[in-house]
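Remember, it's 1-based here, ligands and their atoms both numbered in the order they're listed.
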Amino acid sequence: MKAIIFKEHGDINRLTLADVPEPTIEPDEVLLHVRACALNHLDIWTRQGMPGVTIPLPHILGCDIAGEVEQIGSEVKGITKGARFVVSPGISCGHCKWCLSGWDSLCDQYKILGFQVDGGYADYVKVPSRNLIPITDRYSWEEWASCPLVFLTAWHMLVTRAQLEKGETILIQAAGSGVGSAAIQIAKTIGAQILTTVGDDKKEEPAKKLGADHVINYKKTDFAKKVRDLTQGQGVHVVLEHIGGETFEKSLASLAKKGRLVTCGVTSGPQIQMDLRFLFVRQHSLLGSFMGGRGELNEVVGLLKQGHLKPVVDTVFPLSEARKAHRRMLDRKNFGKIVLQVNNG
Ligand code: ZN
């Protein structure tokens, strides 16, 4: 089969189109004919290599997959050839106390597709059958592929961790990012007042269309100060963080008394400085969030099927142009998800 692989960690030029053997499925697995696979920042970290993480090489990236069933393992029940699915990107044991309580991402055996195991930048991918979530023809393959990781991440952050409530005010960092564009929609369905940041005025209009009430260009204004101005000096109840180094301190400064900051990523770097006096005097809560459970993704896919949430696709590239797709993400040019089209032209 055709796949985009890399044999060594490094820059985008390590990504090459190659012929590789098709995966061989286990009895509880399914072979999916990949139709589309979306990019995530994780793909960039994985390609570049992370200290302390061993990734089997050569490697196939891609955790956001939509496709059709090609082969079915001998123990798999209730799945037919040709059925259409998105894939829940986290693979876990399915029977430890964390998996049983819906906290799959805390499972000791938790792995992410395309990170510790081969993913969807390929004609075929193998996945455990319990990771398949059925889809409808409401959206295209590219649109469906753009959903799992970001909607799951944003849902776990806002609903499960920060417990955002109707009438609260939230600051969502980076409206144009995958997580940002998903979080704005989820916060809107909850009934929150939404402030969001962009680095380019062109992203203001689409952010408002998704449901943002106020859009702040962080390159032109001090966003923490602007948040104070827009909230009569109070600050917001919740901040959704995923930028890290460049923004974290100001995100904390944007919080109201008793506010919650929830974070899931560090796209600008993992080191921060903070003044602990503000944390305890203002009685803030800092919440970490990582992926989410298959049950949560099922709930989100339900809302997508009903049209309460919508995929946000920025651009579609053929699989063979994975380097261009990575370049676009690195340059932060996207509003929404960058998707690779596979077997679908
Ligand atoms: Zn488990």
key: For the Zn ion (ligand 1): protein N/O/S atoms at distances below 2.8 Å   = 4
key: With D314, the salt bridge (Lys or Arg N to Asp or Glu O under 4.0 Å) member among R328, K202, K337   = R328
ask   = Are Q273 and E249 linked by a side-chain donor-acceptor pair shorter than 3.5 Å?
value = no
note = On a heavy-atom basis, the closest approach of I133 and R294 is CD1-O, 4.4 Å
D64 versus L149, closest heavy-atom pair with distance = OD1-N, 2.8 Å
message = Tell me whether the NZ or CZ atom of R138 lies within the 45° cone about the ring axis of W144 and under 6.0 Å from its centre.
response = no
query = Charged N to carboxylate O under 4.0 angstrom, K2 versus D123?
reply = no
